[in-house]
Amino acid sequence: MGNKISKTPKKSISLPSTNTQEDSDFRYIEGRRYHNVENVKYPLPNDDEELDRLHQQHFLLRYVWQRNFGAPVKHILNQDGTKVLDVGCGAGSWIFEMASNYPNTQFTGLDISPIQPSEIKPKNVNFVIANVLNTLPFENDTFDYIFQRLLFIALPKDSWPVVINELTRVLKPGGYLELMEINPIPFQLGPVSSQLFIAVEKMLQLRDLDPQIPYKLRSYFEQQGNLENVTEEKNRLLFGPETGKLGQAAIENTRLGLFHAKPSLLEVIKISSEEYDNNLDIIAKELHEFDSYSDSYCVYARKK
Ligand SMILES: C[S@@+](CC[C@H](N)C(=O)[O-])C[C@H]1O[C@@H](n2cnc3c(N)ncnc32)[C@H](O)[C@@H]1O
């Protein structure tokens with residue numbers, strides 16, 4: 001992520017805490033704001049530009065999947081006192097929409113950074129600042145439903161089974177765990193896109209992150225031992241001409257993501273910042289022309 005780090009030194013977060021912002025929660029590199037948690041490999045910034053991108057991505061995924069969740073939990077969400085956890089909740093896009101759809105359910109969003117609105121939020125939402133790589137600040141059997149989306153870019157390769165174990169610990173028996181991931185390397189790429197996505201793969205691997213995680217979730221769930229009725233669903237995020245405005249929105253979101261990841265990617269591909277920006281314009285065209293697509297996987301299961 002470059003080396004022009006300013007502001008306060010890194011700190012370890014104390015658990016649990018609410019999402020009130022302090023200067024030491026962040027570090028700033030070349031004008032962009034990042035998390036400040038030691039040992040967390042998440043390479044994206046968390047400033048307003050990136051939070052806007054996450055919101056757009058949420059609407060995109062909801063459209064692609066035609067839903068906000070796949071697990072059979074609608075009946076639970078309509079009951080008083082149901083507790084839901086959203087892990088790595090980001091800007092809170094999913095949780096805010098769910099909280100307004102299911103006002104009797106209590107939603108908790110968990111993230112390493114206090115980037116969620118703390119003043120204006122529904123009464124049935126609270127946020128906890130914590131690291132999912134540590135023991136979570138919740139008792140055994142706390143939640144009826146746990147949702148986690150797009151942490152391929154945050155969790156080390158070998159940590160997935162451990163995280164799934166920890167999420168299962170805080171899930172009530174009979175409750176559901178649901179993980180949704182995307183393969184960040186699209187298929188059917190043009191020449192410039194191929195080069196850049198090779199760099200994306202390399203950057204993730206250097207950080208010990210796993211772009212292949214969507215394909216491994218089902219077997220991790222099956223191996224956990226305390227999860228049953230494991231269900232895997234697949235979808236595709238299409239960039240080609242036949243998807244019209246949706247494809248254009250997907251391309252724009254991907255282009256923005258690549259722009260926000262520029263500092264980490266320039267560490268891997270040795271080109272100038274200007275050349276990188278030009279390539280992003282070419283990539284946007286190629287994704288459309290080559291009918292590129294990304295795999296999206298959703299896996300859910302019930303705790304025994
Ligand atoms: C790509 S964003 C996804 C946000 C949200 N799940 C969504 O789908 O819109 C990943 C989020 O995970 C958070 N994160 C990264 N590492 C984490 C960790 N170890 N524990 C908790 N949250 C983490 C980041 O701060 C970021 O908000």
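Counting convention: from 1, in listed order, for ligands and their atoms alike.
Of the polar atoms of Leu133, none of the N or O atoms is found under 3.5 Å from an N or O of ligand 1, judged by distance alone. For ligand 1, one of its N or O atoms has an N or O atom of Gly88 under 3.5 Å away. For ligand 1, one of its N or O atoms has an N or O atom of Arg149 under 3.5 Å away.
In Cys89, the part holding a heavy atom less than 4.0 Å from any atom of ligand 1 is the backbone. Here Ile115 has side-chain heavy atoms under 4.0 Å from ligand 1, and that is the only part of it that gets that close. Residue contacts with ligand 1 for Val40 involve side-chain atoms from C-beta outward but no N, CA, C or O (heavy atoms, distance under 4.0 Å). Residue contacts with ligand 1, taken as heavy atom pairs separated by less than 4.0 Å, do not involve His58 at all.
Closest protein heavy atom to atom 14 (N) of ligand 1: Ile112 CG1, 3.6 Å.
Here Tyr215 is tied into one hydrophobic group with Phe187, Leu238, Tyr293, Tyr297, each link being a pair of ILVMFWY side chains closer than 4.5 Å.
Note: Tyr145 and Phe147 have tilted aromatic rings, judged against thresholds of 30 and 60 degrees for the angle between ring planes.
Atom CD of Glu286 sits about 7.0 Å away from atom OG of Ser194, to the nearest 0.5 Å.
Summarising the contacts of atom 24 (C) of ligand 1 with Asp111, Leu51, Leu54, the nearest heavy atom is found in Asp111.
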